[in-house]
Every structure is written in C-alpha cells, then in structure tokens.
There are 2 protein chains.
Amino acid sequence: MPQAEQDRSVFRAIADPTRRAILDRLRKGPAPVNELASAFAQSRPAISKHLRILRELSVVSERRQGRERVYRLEPAELKDVADWILPYRDFWQQSLGNLKSYLEND
Amino acid sequence: MPQAEQDRSVFRAIADPTRRAILDRLRKGPAPVNELASAFAQSRPAISKHLRILRELSVVSERRQGRERVYRLEPAELKDVADWILPYRDFWQQSLGNLKSYLEND
DNA sequence: ATAATATGTAACCGAATGGATACGCATTAT
DNA sequence: ATAATGCGTATCCATTCGGTTACATATTAT
C-alpha cells in the first residue's frame with residue numbers, strides 16, 4: 001500500500017518548534033544563518049536543513065550578501081494557516097459566550 | 001545526543017492532513033468513529049490512532065454512547081495556533097499595503 | 001447464550017524526520 | 001597565495017510517524 005501522499009504544506013513546516021522559533025526571530029527582521037543558528041543548541045547544519053524546508057515552502061527567502069546568506073520572512077504562505085484556523089475561532093468565542101451567559105444567569 | 005524533546009503541541013496535531021480533515025468534519029457536529037472513518041481510504045484503526053492523538057492533545061473529546069464513541073470538537077487548544085499566527089497577519093497585510101500603494105503610485 | 005457491531009490496542013513495517021559529523025565551495029582577510 | 005569564514009550538502013543513525021493486520025473488549029441484537 002502506498003504511503004499517504006507527502007504533505008509538503010506549510011502545516012508541516014510549522015509543526016517543528018525550531019522552525020517556528022526561526023520564523024518568530026525573522027519577524028524582527030532578516031538575519032544571516034549564523035545569527036539564526038546561534039539561538040539554538042543544535043548544530044548549524046541542522047539549522048540549514050530547517051531553513052531549506054522553510055525555503056522550499058516559500059515561507060522564507062534567501063539573498064546572498066557576500067559570503068553570508070540573509071534570510072527574510074515571506075509570510076504569504078502562512079496565510080493558509082490563518083485561513084484554516086479562522087472558522088474555529090467561532091467555536092471558542094461561542095464557548096466563551098456560553099460561559100458568560102451561564103455565569104450571568106446563575 | 002538526546003533527540004529534540006518531543007513536540008506534543010497542537011501544531012503537531014494539525015500537521016497531518018487526515019487529522020485536519022477530521023477536525024473540519026467535527027466542526028459540523030459530533031460524530032462516532034465509524035462515521036469519521038468512512039470519509040477516508042485508510043483503515044479504521046488508523047483513524048483510531050489519529051483520534052487518540054487528537055484526544056491526548058485535548059483537541060477533541062470522547063463520550064461513550066452505547067457501543068459507540070462520539071467525538072466532539074474541543075477547539076480551545078487550537079487557540080494556541082490562532083495566537084501564534086496572529087502577529088504574522090500584520091506582515092501580509094503590510095505586504096498587501098505595499099502592493100496597493102505601488103499600484104496606485106505608478 | 002450466541003452472534004454481530006463498534007471500537008480500542010498490540011505488534012509489526014517501511015518511510016520520513018531531525019539530529020550529528022565530514023566535507024566542499026565561495027568569499028573575504030592576511 | 002593562503003588561511004579563515006559562512007554556509008550548503010552528503011552520509012549516517014536513531015526515533016517517530018502513519019499505515020497495516022490480528023486480536024481483545026464492551027455493547028446490542030437475535
């Protein structure tokens with residue numbers, strides 16, 4: 001039986017906590033690899049692999065500057081996540097509403 | 001060297017497309033396992049395993065009803081995802097703004 | 001009582017994941 | 001010209017993942 005078709009969506013990209021931390025860092029502005037890697041206990045090649053995944057999913061872009069590679073956040077693809085989560089918002093707002101009326105009517 | 005500490009966050013839960021589809025289905029209302037499983041080509045035990053992961057992360061709850069187990073969406077934990085994605089929204093709104101002014105001023 | 005139904009779990013398996021180390025290749029410094 | 005720096009890639013390895021089939025257990029139907 002064939003495996004489930006590879007899920008190369010941005011949901012996989014943000015499943016890893018290291019990659020989320022990289023993205024969080026890049027929100028403050030572009031950064032070269034060594035700076036990104038210095039924030040983690042892992043080896044630099046490990047960070048390179050994470051960056052590659054983020055690159056391939058277009059969540060970050062890279063531009064060469066001298067011998068450095070400066071990475072920049074490209075959040076457009078993250079919109080898929082925001083769009084997916086959106087309808088669920090109604091649910092926990094509704095739950096909050098239920099709690100509110102429960103507290104008020106009791 | 002120890003492996004990365006297990007990421008048992010809801011981000012892992014929604015990384016799998018089958019689990020996202022289960023959650024999407026449950027937005028329409030609670031459902032027993034067989035009904036959930038009938039939507040997929042996979043075996044029922046495979047779905048049971050997905051449900052277990054969602055259960056352990058409190059993204060769904062289960063109540064026994066006769067010999068069925070009815071699963072219900074518990075979206076509170078999904079708020080972590082919504083909270084995480086929120087600051088990125090500013091970025092793509094900003095990008096849209098840049099595009100808009102580019103189009104207008106050219 | 002027995003059979004059928006609904007579902008979870010155990011055991012197993014191949015592929016993917018995330019890490020490490022070793023190496024190669026540009027680019028910059030000396 | 002040579003050394004040092006920055007970073008990607010190749011290879012390897014253990015663990016996790018997502019699937020399967022076989023089985024166990026509880027509930028309902030006959």
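Only this structure's heavy atoms are used, side chains among them; waters, hydrogens and symmetry mates stay out. In what follows, every chain begins at residue 1, and chains take the letters A, B, ... in the order their sequences are listed. The shown structure was predicted, so the numbers you read here are calculated from the model rather than taken from an experiment.
- Comparing D:dG19, C:dG19, C:dT5 by their nearest atom to the side chain of B:Arg67 picks out C:dT5.
- In the model, B:Arg55 has a side-chain atom that pairs as donor or acceptor with a side-chain atom of B:Tyr71 under 3.5 Å.
- Closest contact between the side chain of B:Asp16 and the listed nucleotides C:dT17, D:dG18, C:dA29 involves D:dG18.
- The shortest side-chain heavy-atom distance between B:Glu77 and B:Leu57 does not fall under the 4.5 Å cut-off.
- The distance between atom CD of B:Glu68 and atom C1' of C:dG8, rounded to the nearest whole Å, is 15 Å.
- Residues of residues 43-60 of chain B having a heavy atom closer than 4.0 Å to DNA chain C, listed by number: B:Arg44, B:Pro45, B:Ser48, B:Arg52.
- For the segment residues 20-41 of chain B, residues with any heavy atom less than 4.0 angstrom from an atom of DNA chain C are, sorted by number, B:Pro32, B:Val33, B:Asn34.
- The shortest distance between the side-chain N/O atoms of A:Tyr71 and the OP1/OP2 oxygens of D:dG6 is not below 4.0 Å.
- The side-chain heavy atoms of A:Val59 and A:Glu74, taken from C-beta on, include no pair separated by under 4.5 Å.
- The backbone N or O of A:Arg12 sits nowhere less than 3.5 Å from a side-chain atom of A:Arg8 that would complete a donor-acceptor pair.
- Contact check for A:Val81 versus B:Tyr88: no side-chain heavy atoms found under the 4.5 Å cut-off.
- Rounding to whole angstrom units, CZ of residue B:Arg12 and C1' of D:dG18 are separated by 13 Å.
- When side chains are defined from C-beta on, B:Leu23 counts as touching B:Val60, because their heavy atoms get closer than 4.5 Å.
- One can place CD of B:Glu62 at 14 Å from P of D:dA26, the figure rounded to the nearest angstrom.
- The existence of a salt bridge linking B:Glu62 and B:Arg72 is excluded, since no basic side-chain nitrogen approaches an acidic carboxylate oxygen closer than 4.0 Å.
- Atom-to-atom, CZ of A:Arg69 to P of C:dA26 comes out at 10 Å; the value is rounded to the nearest Å.
- Looking at every heavy atom in both residues, A:Ile14 comes nearest to A:Arg20 through O-NH1, 2.7 Å.
- No salt bridge links B:Arg64 with B:Glu68; every basic N to acidic carboxylate O contact stays at or beyond 4.0 Å.
- For D:dT25, neither phosphate oxygen OP1 nor OP2 lies less than 4.0 angstrom from any side-chain nitrogen or oxygen of B:Arg64.
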